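We number each residue from 1, following the sequence as shown. Treat the numbers as computed from the prediction; the structure is a model and nothing was measured.
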Amino acid sequence: MDESTEKSVEGRRALRGQRRRRRRFSSLCFFVAGLAFGSAFYLLRAHIALIGARPAPFLALVELMVVVFWMGARAETEIVALDEQLRALDAAALAARRRPRRLT
């Protein structure tokens, strides 16, 4: 392998690792947001009087849910960008392989 191919392979490996980490982070964020949503829904349905007496913890739970969901959505956006970069590298590698080599 020549030097440019090795750099391309290392670049793809780094992008795949970053994509994998962002995907895990995104999944964790959505999981936590779902837990917060379920807890908020339960409190709203079963303990409405408790929420009326002390709304601050409930509002903090809702705020946590929104922030964590936003973080997960932001990570998903980064994953899409990483996918585009990987596709561009794949297309460049395919074009390099299809290019006829000179015999001189």
Problem - Side-chain heavy-atom pair L89, Q85 within 4.5 angstrom cut-off - result: no
Exercise for the section: Mind checking salt bridge (charged side-chain N to carboxylate O under 4.0 Å, His left out) for E76 and listing every partner two or more places apart, or none if nothing turns up? Expected result: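 For E76 the salt bridge (charged side-chain N to carboxylate O under 4.0 Å, His left out) partners, ignoring immediate neighbours, are R23.
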Practice task
With rounding to the nearest 0.5 Å, note down the distance linking CZ in R20 to CG in L15.
Solution key: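 If we round to the nearest 0.5 Å, R20:CZ and L15:CG are 11.5 Å apart.
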Exercise for the section: Report the distance from atom CZ of R19 to atom CG of D83, rounding to the nearest 0.5 Å. Expected result: 4.0 Å
Exercise for the section: Not counting sequence neighbours, list each pair that qualifies as a ring pair (Phe, Tyr, Trp, His ring centres under 6.0 Å) and has a residue in residues 38-66. Expected result: Y42-H47
Which heavy-atom pair separates [X] from [Y] by the least distance, and what is that distance?
X: A36; Y: M65; value: CB-CB, 3.7 Å
X: L43; Y: I51; value: O-CD1, 3.3 Å
X: G72; Y: F30; value: C-CZ, 3.5 Å
X: A33; Y: V68; value: N-CG1, 3.9 Å
X: A40; Y: V62; value: CB-CG2, 4.4 Å
X: I79; Y: S26; value: CD1-CB, 4.3 Å

Practice task
Sequence neighbours left out, what passes side-chain contact (heavy atoms from CB on, under 4.5 Å) with E78? Give chain and number order.
Solution key: R22, R74
In terms of hydrophobic clusters joined by side-chain contacts under 4.5 Å, are [X] and [Y] together?
X: L44; Y: L35; value: no
X: F31; Y: L61; value: no
X: L64; Y: L28; value: yes
X: V67; Y: F25; value: yes

